[in-house]
Amino acid sequence: MTLQQLKYVIEVARSRSISKAAQNLFISQPSLSNALKELEKEIGIRIFMRTNKGIILTPEGEEFLGYARQVVEQVALLENRYTNTQSIQQHFSVSAQHYAFAVSAFVRLLKDYKRDEYEFTLRETRTYEIIEDVKNLRSEIGILYVNDFNSNVINKFLREGNLVFHELFEAKPHVFISSGNPLAKQEFVTLSDLIPYPYLSFEQGDYNSFYFSEEILSTISRPKNIRVSDRATLFNLLIGLNGYTISTGVISQKLNGKDIVSVPLRVDERITVGYITHKNIENTPLANIYIEYLKETIAEEQV
């Protein structure tokens, strides 16, 4: 077993395609396939399976990938510390619901990352896709919430994907509204107060069920509804249309300015926000650093 073979496994798992991985590694596809076959023969397990959706890891392959990442990461740290040779390009991916604190922590990670080369990915995406990303090792960390309404469904998908939920914080629901909204100066708002205003939520694609909604109280009927796919659009509509959305109350003025404010929503609900990881994969050093930045950012920005 060689370090090069471990790098091959990591790249194939990331690309989910032998041909794409070969291009990224600057080797021929037959050479890559042969190297993987030799490795599988040597260690006595099957690492990858071919499906109609591309290359996926076997359960044994998932465990092997976790060890491979640790070895390659540690070698990179040694090279960076003790040699002048160029270290390998580092990869790190996060998938998250549309939380500003996830972006703030990602910014802090990049600012403190002292390397000339890296490839980091932050996906603000749909709830189901977050679970799929971490399950299939496209992302190390996934960020989402659970509450009494959706926990049975979300936890079922987590169990089936060998994923673990780690709590970051528990919050009372708040509404995000424009600072110019007539409700912005109130100590709290009620659902009745919000009836005249457009309700903004994130669409969930093929999994647009109430259980995958990013906003609690998703089953309530509202006269004015707007679905969007990205946070910038939602915030622009909050300001332009005096709309509202329901979230955690954690908002970043550094990223979003003072045009959006958070006001407590008077309902008997709680939101538990956390991150998910793969049960069989140990966190890389970058993942652990990002988690610490998440906790620090939340502590600074939480209402």
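Just so it is clear, the structure is predicted and the values come from calculations on it, not from any experiment.
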Say whether, by atom type as modelled, one donor and one acceptor occur between the side chain of Ser218 and the main chain of Phe210 under 3.5 angstrom.
yes

Over all heavy atoms of both residues, which pair between Phe202 and Glu214 is shortest? Give the atoms and the distance, please.
CD1-OE1, 3.6 Å

Test item: Asn288 side-chain N/O and Pro285 main-chain N/O as donor-acceptor pair under 3.5 Å
no

Using a cut-off of 6.0 Å, state whether more than 12 heavy atoms not belonging to Glu187 lie near its atom CD.
no

Rounded at 0.5 Å granularity, tell me how far OG in Ser178 sits from CG in Asp259.
6.5 Å

Under 3.5 Å: donor-acceptor pair, side chain of Glu282, backbone of Gly66
no

Between Val9 and Phe48, the two heavy atoms sitting closest are O-CZ, 3.6 Å

Indicate the atoms forming the closest heavy-atom contact of Glu62 with Ile281, along with that distance.
O-CD1, 2.6 Å

So for atom CZ, which belongs to Arg266, do other residues, nucleotides or ligands contribute more than 12 heavy atoms lying within a distance under 6.0 Å?
no

Are Asn162 and His278 close enough, and set up right, to give a side chain to side chain contact (heavy atoms under 4.5 Å, CB included), and what steps lead you there?
CA-CA 6 Å; Asn162 285 321; His278 201 290; 3.9 Å; yes

CG (Leu241) and CG (Asn181) are apart, to the nearest 0.5 Å, by 11.0 Å

Judged by atom type as modelled, is there a donor-acceptor pair below 3.5 Å linking the side chain of Glu140 to the main-chain atoms of Asn283?
no

Flag the pair Tyr8 / Leu36 as yes when at least one side-chain heavy-atom distance between them is below 4.5 Å, and no otherwise.
yes

For atom CG of Asp148, decide whether the heavy atoms of other residues, nucleotides or ligands shown that lie under 6.0 angstrom number more than 12.
no

Is it the case that the side chain of Gln5 and the backbone of Thr2 share a donor-acceptor pair, with hydrogens and angles ignored and the cut-off at 3.5 Å?
yes

Between Ser139 and Ser93: side-chain donor-acceptor atoms closer than 3.5 Å
no

Is the centre of the Phe92 ring less than 6.0 Å from the centre of the Tyr290 ring?
yes

Is the side chain of Asn147 donor-acceptor paired with the backbone N or O of Asn150 at a distance under 3.5 Å, no angle test?
yes

I need the Ile141 CD1 to His166 NE2 distance, nearest 0.5 Å.
7.0 Å

Shortest non-hydrogen contact between Asp133 and Ser95, atoms and distance:
OD2-OG, 2.6 Å

Please indicate whether Arg222 has more than 12 foreign heavy atoms, meaning atoms of other residues, nucleotides or ligands, lying under 6.0 Å from its CZ.
yes

Non-hydrogen atoms of Arg123 and Arg138 that approach each other most closely
NH1-O, 3.3 Å

Give the ring-plane orientation class for Phe101 versus Phe169, where under 30° counts as parallel, over 60° as perpendicular and anything between as tilted.
perpendicular

Take Gln97 and Thr127, measure what side chain to side chain donor-acceptor pair (under 3.5 Å) needs, and give me the verdict at the end.
CA-CA 7 Å; Gln97 291 177 332; Thr127 304; 2.9 Å; yes

Could you check whether any side-chain N or O of Ser31 sits under 3.5 Å from a backbone N or O of Ile27, counting only pairs where one atom can act as donor and the other as acceptor?
no

What do you reckon, are the aromatic ring centroids of Tyr145 and Phe165 less than 6.0 Å apart?
no

Does OH belonging to Tyr211 count more than 12 external heavy atoms closer than 6.0 Å?
no

Between the side chain of Thr245 and the main-chain N/O of Leu200, is any donor-acceptor distance below 3.5 Å?
yes

Main-chain N/O of Ala96 paired to Glu124 side chain as donor or acceptor, under 3.5 Å
no

Here the pair of heavy atoms bringing Ser229 nearest to Glu203 is CB-OE2, 3.8 Å

Check whether any side-chain N or O of Ser15 sits under 3.5 Å from a backbone N or O of Ser17 as a donor-acceptor pair, and report yes or no.
no

